[in-house]
Amino acid sequence: MPVTADRAVRRPLLAAALAALLVTAASAEDENRPYAPIPAEIGKAVAPSNELLIAAKVARDAAVARNGEAVFAMIADEVTLVNSGITVTAGRSIEKKGPFESADDAFSTIGGMFQEGDIVAMAKASGKKLNLGSLYAEDTMRVIASSIDEADWGRDPLVKGGFCTYRAARWDPKAAEKTRASGSRGYWVDAPTKAFGSADPGARTVATLKPGHLYLQGFMDDLPEGWSAVRLPGGGVGAVPEKELKNPTPWGICFLPNVDGGWLISAFATSLL
C-alpha cells in the first residue's frame, strides 16, 4: 500500500496547524494595515524526463518496501538539506551533509530534519522505549515515498540545478520583517489571481495578486472549505481559492543527474516551527 503524504507529515502538520491559530490571531489585528508584498524568486515548473521518472519510481518503491540499502544507493554522496520555519520572517537556509558512511548514518541525518520537538523527552514522558535509528529511517522512507507520490515537479532556487518534487520560493527575510508580520505565513501565486470580498458566488473583486511576491495570511470569518484569507497590500483581507495559493516552504526531495547518467536524490527540504 503506498505511503501517503498525510502519514509522512502527520506530526509536523499538527504542530503547524496549532501555529496557524496563533498566526491567524496575530494577523487579524493588522488586517487593515497596508504593506508591501515581499519580492520572491519562485521556482519554475519542470517536465521530468522518462529517465528521471524511472529513477524516482525506483527510489519510491524501495522506500515503500523499507529497503534501507536500496534507498541509500539512491542518495547522493553529498546532499543539500533545506530548512525553514513556517513564517515569512524565518526565511530558508541550506547546509551540505555527507558523504555518509552507511545507510544508518544517512537516515539519522536526514530523518532528524523531519522531527519536531524533543522526541527523546516525549518518549521518556510516555514511558515508551525509543529506537532513534528506526524512527529516523522510517521518517526518511516516508518523506521519499510521499514526495514522489505527490510530486509537482519544479525548481527550488536554493537547490542549484535540482529537479524537485515541489516548487519553492526564495526571499529576503529582512524584507519580510518590514511588513511587521513576524507571525504570518505567506503565499505566492503562479498567475494574476483575483481576491474577492467573500467566498460567495458573484462576490466583487477587491484586489489582484501578482506573481513574484509573497502575500500574507489573513483572517476571515466563516470561510468555506477550499478558500483561504489573504491580507491585501492596500489593506483589508480578501478570499482566494486555496488551489490558487502556493506554499513557499514545502516539503520534498530533489534529484540531480550523476556522472553515470543516472539520477540520485541530492536534496531534502522541510519546514518546521
Side-chain angles (χ1 to χ4, degrees), residues 13 15-45 82-93 152 154-158 166-251 269 271-273:
L13 279 184
L18 293 174
L21 295 176
L22 299 176
V23 169
T24 300
S27 299
E29 298 176 0
D30 298 323
E31 62 184 20
N32 292 317
R33 177 170 50 81
Y35 71 97
I38 304 160
E41 178 186 358
I42 308 300
K44 296 182 181 297
V82 186
N83 296 281
S84 69
I86 65 171
T87 65
V88 292
T89 51
R92 305 176 74 223
S93 63
D152 177 20
R155 301 288 191 185
D156 184 336
L158 272 68
Y166 61 92
R167 296 171 63 192
R170 174 168 58 187
W171 67 97
D172 183 356
K174 292 182 178 179
E177 289 173 1
K178 293 179 181 178
T179 66
R180 294 187 292 164
S182 60
S184 292
R185 303 187 75 168
Y187 303 110
W188 58 271
V189 295
D190 222 4
T193 299
K194 292 180 179 180
F196 301 96
S198 73
D200 297 334
R204 68 185 182 91
T205 299
V206 292
T208 298
L209 311 184
K210 298 179 181 179
H213 296 85
L214 299 188
Y215 295 89
L216 303 178
Q217 180 185 34
F219 174 80
M220 295 180 78
D221 285 321
D222 301 323
L223 273 184
E225 184 176 353
W227 289 78
S228 290
V230 177
R231 283 182 53 193
L232 306 177
V237 179
V240 181
E242 284 181 357
K243 65 182 181 179
E244 306 293 345
L245 300 173
K246 313 296 183 181
N247 177 14
T249 59
W251 286 36
S271 61
L272 300 172
L273 292 176

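The figures that follow rest on heavy atoms only: side chains count, while hydrogens, waters and symmetry mates do not.
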Could I get the full list of side-chain hydrogen bond (donor to acceptor under 3.5 Å, both in side chains) partners for [X], not counting sequence neighbours?
| X | result |
| --- | --- |
| Arg170 | Glu41 |
| Tyr35 | none |
| Thr193 | none |
| Asp172 | none |

Provide the closest heavy-atom pair for [X] versus [Y] in the form atom of the first, atom of the second, distance.
| X | Y | answer |
| --- | --- | --- |
| Ala175 | Ile38 | CB-CG2, 4.3 Å |
| Val88 | Arg185 | CG1-C, 3.9 Å |
| Gly43 | Arg167 | O-NE, 2.8 Å |
| Val237 | Gly218 | CG1-CA, 4.3 Å |
| Tyr187 | Ala229 | CE1-O, 4.0 Å |
| Ala269 | Tyr166 | CB-OH, 3.3 Å |

task: Taking salt bridge (Lys or Arg N to Asp or Glu O under 4.0 Å) as the test, write out the residues that go with Arg92, two or more places apart.
output: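 Asp156.
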statement: Sorted by chain and number, sequence neighbours left out, salt bridge (Lys or Arg N to Asp or Glu O under 4.0 Å) with Asp152 holds for none
message: Side chains of Ser84 and Ser93, heavy atoms from C-beta outward: is any pair under 4.5 Å?
response: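 Side-chain contact under 4.5 Å: no.
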Applying side chain to side chain contact (heavy atoms under 4.5 Å, CB included), can you list everything that pairs with [X], at least two apart in sequence or on another chain?
| X | value |
| --- | --- |
| Arg180 | Arg33 |
| Pro173 | none |
| Pro248 | Ala169, Trp171, Trp188, Leu214 |
| Ala90 | Thr87 |

- request: Run the numbers on Lys210 and Tyr215 for side chain to side chain contact (heavy atoms under 4.5 Å, CB included), then give the verdict.
  value: CA-CA 9 Å; Lys210 298 179 181 179; Tyr215 295 89; 3.8 Å; yes
- prompt: Atom CD1 of Ile42 and atom CZ of Arg155: how far apart are they, to the nearest 0.5 Å?
  reply: 15.0 Å
query: In Å, rounded to the nearest 0.5 Å, how long is the span from OG of Ser184 to CD of Gln217?
result: 7.0 Å
- prompt: Hey, mind stepping through Thr89 and Thr179 against side chain to side chain contact (heavy atoms under 4.5 Å, CB included) and telling me if it holds?
  reply: CA-CA 9 Å; Thr89 51; Thr179 66; 5.5 Å; no
message: Filter on salt bridge (charged side-chain N to carboxylate O under 4.0 Å, His left out), then keep only pairs touching residues 213-227, sequence neighbours left out; what's left?
response: none
query: Where the side chain of Ser271 meets the backbone of Thr249, is there a donor-acceptor pair that is under 3.5 Å apart?
result: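 Yes, the answer is positive, given that a donor and an acceptor are paired below the 3.5 Å cut-off.
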Please output the side-chain donor-acceptor pairs of residues 196-209 that fall under 3.5 Å, not counting sequence neighbours, one pair per line with the distance.
| unit_1 | atom_1 | unit_2 | atom_2 | d |
| --- | --- | --- | --- | --- |
| Ser198 | OG | Asp200 | N | 3.1 |
| Ser198 | OG | Asp200 | OD2 | 3.3 |

